[in-house]
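Counting begins at 1 with the first residue of the sequence. Keep in mind that this is a model prediction, so the values were computed, not measured.
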Amino acid sequence: MTNADTSERRPPNRGIEVRLLDHTTDPVRSLYLAYRVAYSALTPHQIVARIEDERIPRDQMIDFIEKRLQTGHASPLEQVWFEFGISGVSRAFSHQFVRHHMGISFEQQSQRYVTFKGGEFPYTVPESIKRAGFESDYQAEFDRLAELYDRMVQAGIPAEDARFVLPNATNTNFKVTVNLLEFLHIADLRLCTRAQWEFRKVVALMRAEVMRTFPELALYVQPKCGEHRMGYCDEAYEDWQACPIGKKRPHKRDLFQIYNAYRAGQLPLGDLAKATDEALDDADFKTIESEDSST
C-alpha cells in the first residue's frame, strides 16, 4: 500500500464530541414538584397551579431543591433525565461506560451491522503515545489491520466476524438517556482525577452541555470530593496527596483524626488539616479533563 493510499484510507480524527440532544422539559420545575409532593399536604395539581401563577417563583424552587439535596433525599432525581449524543470515543471507553446500568440507557454503534467501507475505521491516539514517539508505528499497525479487515470483508467474511481484528482504540458512537441521580453518580466516580482520561473528558463535556442550559443543576455535577457532593476524598491517602486538585478537599483520614482529637481534647492539631476547602472552579475542571491529570 502506498503512502497516498494509506492517507486516503485513514479517516479524519474528529475527536470526542458530546451534545445534549433533549432533556426533561423543565428539570428545575420537575425536581421541585417531585420534592414538594413528598413534603406538602397539597396535591400535585395544587402545587402546579401555584407554580403557574407564580406564587412559587423559580428562586424559591431552587432554594427548596438545594435544601432537600443537603439532606441526602435523592429519589426525586430519578424523575429528571438528559439525552446525550456522544461520538468519537474508543471501544476501551465504551467497555467502561456500559458498566453503569441503573438509571441509564444506551444505544451504541454496532460493529456487526455497520461495515467499515474500504476498511476505514476511525480510532483514538492517546497523547501519551504521541509524546513517547510511537504515533507513526501506532498508525502503521492500524493501517495494516484496516487492510486486513477490508480484505476479509471483500472475501465474503461477515462484518460480525471481520470485526474481531478491530482494536480497543476503534471509535464508536452512543445515544444515551440518563436520569440525574445516575448522572451525579457517574460524575462522582469519573470526574475524579484517578479515572481514565477519556472517561473524565466525556463526563466533563456532558457537564458542560448541561451547564449551558441548566447551571442550577450542573453545579452538582462534580467529582465526589466536590463541595456539592461528599466534600472530601475517600480514595487512598497516597492518591489524594498526588491529586492535582487534592489540596482543595480534605481527606477522610484527616477528618477522622480531627474528630478523634476533638473528642480527646487534643486540639489544636498543627498542620493536620491542610485542605483549603475552596470551591472547585473552571481551572479545576480543565485539570480534570486533561489527559495528564490521572494520578
Side-chain angles (χ1 to χ4, degrees), residues 1-19 85-100 106 108-174 176 189-206 208 238-239 242-245 285-295:
M1 183 184 299
T2 66
N3 289 336
D5 291 336
T6 298
S7 63
E8 290 176 3
R9 179 182 296 280
R10 187 178 302 133
N13 185 353
R14 296 185 179 88
I16 297 170
E17 295 180 352
V18 175
R19 293 288 181 270
I86 301 172
S87 60
V89 291
S90 72
R91 280 274 171 166
F93 162 82
S94 73
H95 297 331
Q96 302 173 78
F97 198 21
V98 297
R99 289 179 184 147
H100 293 280
F106 304 92
Q108 182 179 0
Q109 181 187 43
S110 170
Q111 288 182 345
R112 181 184 184 196
Y113 297 111
V114 175
T115 302
F116 295 110
K117 295 181 180 179
E120 296 183 0
F121 61 89
Y123 56 86
T124 298
V125 184
E127 289 299 320
S128 61
I129 289 175
K130 296 178 182 178
R131 288 195 302 268
F134 282 93
E135 184 174 9
S136 60
D137 293 336
Y138 184 90
Q139 291 180 337
E141 190 65 21
F142 276 67
D143 291 335
R144 186 184 68 79
L145 290 172
E147 183 181 21
L148 174 59
Y149 174 90
D150 188 45
R151 284 195 287 116
M152 289 194 296
V153 169
Q154 294 301 322
I157 295 174
E160 66 179 36
D161 294 334
R163 64 178 168 168
F164 278 54
V165 303
L166 299 178
N168 272 342
T170 306
N171 285 173
T172 188
N173 306 316
F174 281 98
V176 174
L189 302 179
R190 308 300 187 172
L191 288 178
C192 174
T193 58
R194 294 197 65 239
Q196 187 252 351
W197 70 265
E198 192 177 16
F199 219 145
R200 282 187 277 113
K201 187 175 184 66
V202 169
V203 178
L205 292 173
M206 293 169 72
E238 296 75 17
D239 293 326
C243 176
I245 63 173
F285 281 97
K286 287 186 182 300
T287 299
I288 289 169
E289 191 176 338
S290 167
E291 288 193 30
D292 300 323
S293 67
S294 184
T295 57

J.: For residues Val89 and Thr172, determine if any side-chain heavy atom of one lies less than 4.5 Å from a side-chain heavy atom of the other.
T.: yes
J.: Which value, rounded to the nearest 0.5 Å, describes the distance between Gln111 atom CD and Asp161 atom CG?
T.: 12.5 Å
J.: To the closest 0.5 Å, what do you measure between OG (Ser290) and CZ (Arg200)?
T.: 7.0 Å
J.: Could you give the distance from CD1 (Ile86) to CG (Asn173), rounded to the nearest 0.5 Å?
T.: 10.0 Å
J.: Would a distance-only check, ignoring hydrogens and angles, find a side-chain to backbone donor-acceptor pair under 3.5 Å from Gln96 to Phe199?
T.: no
J.: Using the side-chain contact (heavy atoms from CB on, under 4.5 Å) rule, take Leu145 and Leu166 through it: C-alpha gap first, then chi angles, then the decisive distance, then the call.
T.: CA-CA 7 Å; Leu145 290 172; Leu166 299 178; over 6 Å; no
J.: Mind checking the CZ-OG1 spacing from Arg91 to Thr170? Nearest 0.5 Å is all I need.
T.: 8.0 Å
J.: Please work out which of the three classes, parallel, tilted or perpendicular, describes the rings of Phe97 and Phe93, given edges at 30° and 60°.
T.: tilted
J.: Quick one: does Arg151's side chain have a donor or acceptor within less than 3.5 Å of a partner on Leu148's backbone?
T.: no
J.: Would you give the length of the straight line joining atom CD of Gln139 to atom OH of Tyr123, rounded to the nearest 0.5 angstrom?
T.: 4.0 Å
J.: Before giving the answer on side-chain contact (heavy atoms from CB on, under 4.5 Å), spell out for Tyr149 and Thr115 the whole-Å C-alpha distance, their side-chain angles and the decisive distance to 0.1 Å.
T.: CA-CA 10 Å; Tyr149 174 90; Thr115 302; 3.8 Å; yes
J.: Do you know the tightest heavy-atom contact between Thr124 and Gly88?
T.: OG1-O, 4.0 Å
J.: Just so I know, are the side chains of Ser128 and Phe134 near enough to count as touching, which here means a heavy-atom distance under 4.5 Å?
T.: no
J.: Testing the basics here: between Ala146 and Gly119, what is the closest heavy-atom pair and its distance to 0.1 Å?
T.: CB-O, 3.2 Å
J.: Between the side chains of Lys286 and Glu289, is the shortest nitrogen-to-carboxylate-oxygen separation below 4.0 Å, so that they form an ion pair?
T.: no
J.: Between atom CD of Gln109 and atom OG of Ser94, what is the distance when rounded to the nearest 0.5 Å?
T.: 10.5 Å
J.: For a quick test of reading the model, state the closest non-hydrogen atom pair linking Ser90 to Ala169 and the distance between them.
T.: CB-O, 4.0 Å
J.: Charged N to carboxylate O under 4.0 angstrom, Lys130 versus Glu127?
T.: yes
J.: Where is the tightest heavy-atom contact between Arg163 and Glu160, given as atom of each residue plus distance?
T.: NE-O, 2.7 Å
J.: Is the Phe142 ring parallel, tilted or perpendicular to the Phe121 ring (thresholds 30°, 60°)?
T.: tilted
J.: Applying salt bridge (Lys or Arg N to Asp or Glu O under 4.0 Å), run through Lys201 and Glu198 and close with a yes or a no.
T.: CA-CA 5 Å; Lys201 187 175 184 66; Glu198 192 177 16; over 6 Å; no
J.: Start with the C-alpha gap between His100 and Leu189, add the side-chain angles, then the distance that decides, and say whether side-chain contact (heavy atoms from CB on, under 4.5 Å) holds.
T.: CA-CA 11 Å; His100 293 280; Leu189 302 179; 4.2 Å; yes
J.: Do you know the tightest heavy-atom contact between Ile157 and Ala162?
T.: CG2-N, 3.9 Å
